[in-house]
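It should be emphasised that the depicted structure is a prediction, and the values quoted were computed from it without experimental measurement. Every heavy atom of this structure was used, including side-chain atoms; hydrogens, water molecules and symmetry mates were not.
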Amino acid sequence: MGPAFGEVPRLQVEEVLGDARIGMVAIEFADPDTNLEYAHRAVAAGKFVHLDKPPGSNWESFRRLLGEEDKRGLGVLRGCQWRYHPAMR
């Protein structure tokens, strides 16, 4: 990491998911299926999630993710700067 981050530690995925002090994660992969996979893992670990778009290419898996976040009382915030674009309605 660059000097702007100083002594911020680099953590592995399992360290982030297993650390109770971390309540939210941002998932920003270029591959939509990787986004969805890690979002499922984060929700299962009890984390709130910011999920960049596209959130995945499997509609059923995405619906399961939203059901699981609701059941656990969490939130999955989707990146939605295009929310008013006609193609997104």
Side-chain angles (χ1 to χ4, degrees):
M1 286 198 244
F5 291 98
E7 298 297 319
V8 175
R10 289 190 81 158
L11 301 174
Q12 299 298 313
V13 172
E14 295 307 323
E15 292 175 291
V16 171
L17 296 180
D19 191 331
R21 298 172 299 169
I22 300 172
M24 180 181 175
V25 296
I27 300 174
E28 307 258 343
F29 291 99
D31 173 47
D33 294 322
T34 303
N35 278 340
L36 194 52
E37 172 194 343
Y38 279 87
H40 277 285
R41 291 176 66 186
V43 167
K47 310 293 182 195
F48 287 83
V49 173
H50 168 78
L51 181 59
D52 200 13
K53 64 196 166 326
S57 63
N58 182 312
W59 177 243
E60 288 305 316
S61 182
F62 183 65
R63 288 182 55 166
R64 283 194 307 276
L65 175 69
L66 298 182
E68 190 64 26
E69 64 135 347
D70 188 52
K71 183 168 49 172
R72 292 174 178 264
L74 298 170
V76 174
L77 173 69
R78 276 86 58 202
C80 53
Q81 74 223 37
W82 287 13
R83 72 181 139 213
Y84 298 113
H85 189 282
M88 304 311 262
R89 292 186 182 169

Worksheet item: Same cluster for Val76 and Trp59 if Ile/Leu/Val/Met/Phe/Trp/Tyr side chains link at under 4.5 Å?
Response: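 Looking at the clustering, Trp59 is in the same group as Val76.
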
Item to complete: Say whether Val13 and Leu51 are linked into one hydrophobic cluster, either directly or through other cluster members, by side-chain heavy-atom distances under 4.5 angstrom.
Response: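 Yes, same cluster.
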
Worksheet item: Looking at residues at least two apart in the chain, or sitting in another chain, which of them share a salt bridge (charged side-chain N to carboxylate O under 4.0 Å, His left out) with Glu14?
Response: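 By the salt bridge (charged side-chain N to carboxylate O under 4.0 Å, His left out) rule, Glu14 matches Arg41.
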
Can you check whether [X] reaches [Y] side chain to side chain, under 4.5 Å on heavy atoms?
X     : Y     : answer
Tyr38 : Val16 : no
Arg78 : Leu66 : yes
Val49 : Leu65 : no

Worksheet item: So how far is it from Arg64 CZ to Glu69 CD, rounded to the nearest 0.5 Å?
Response: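 Taking CZ in Arg64 and CD in Glu69, the distance rounds to 14.5 Å.
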
Discussion item. Looking at Gln12, I want to see if its CD is surrounded by more than 12 non-hydrogen atoms of other residues, nucleotides or ligands under 6.0 Å.
Written reply: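 Check fails, neighbour count at 12 or below.
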
Could I get the full list of side chain to side chain donor-acceptor pair (under 3.5 Å) partners for [X], not counting sequence neighbours?
X     : result
Asn58 : none
Arg72 : Glu68
Glu7  : none

Worksheet item: If every non-hydrogen atom of Phe62 is compared with every non-hydrogen atom of Pro55, which pair is closest and at what distance?
Response: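 Shortest heavy-atom separation between Phe62 and Pro55 comes out as CE1-CB, 3.5 Å.
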
Would you tabulate the side-chain donor-acceptor contacts of residues 23-32 under 3.5 Å, counting partners in other chains and residues two or more places apart, or write 'none'?
| from | atom 1 | to | atom 2 | distance (Å) |
| --- | --- | --- | --- | --- |
| Glu28 | OE2 | His50 | NE2 | 3.2 |
| Asp31 | OD2 | Thr34 | N | 3.0 |
| Asp31 | OD2 | Thr34 | OG1 | 2.5 |

Item to complete: Hey, could you give me each pair passing salt bridge (charged side-chain N to carboxylate O under 4.0 Å, His left out) that has a residue in residues 15-25? Not counting sequence neighbours.
Response: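 Every salt bridge (charged side-chain N to carboxylate O under 4.0 Å, His left out) pair that includes a residue of residues 15-25, provided the two are not neighbours, is Asp19-Arg21.
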
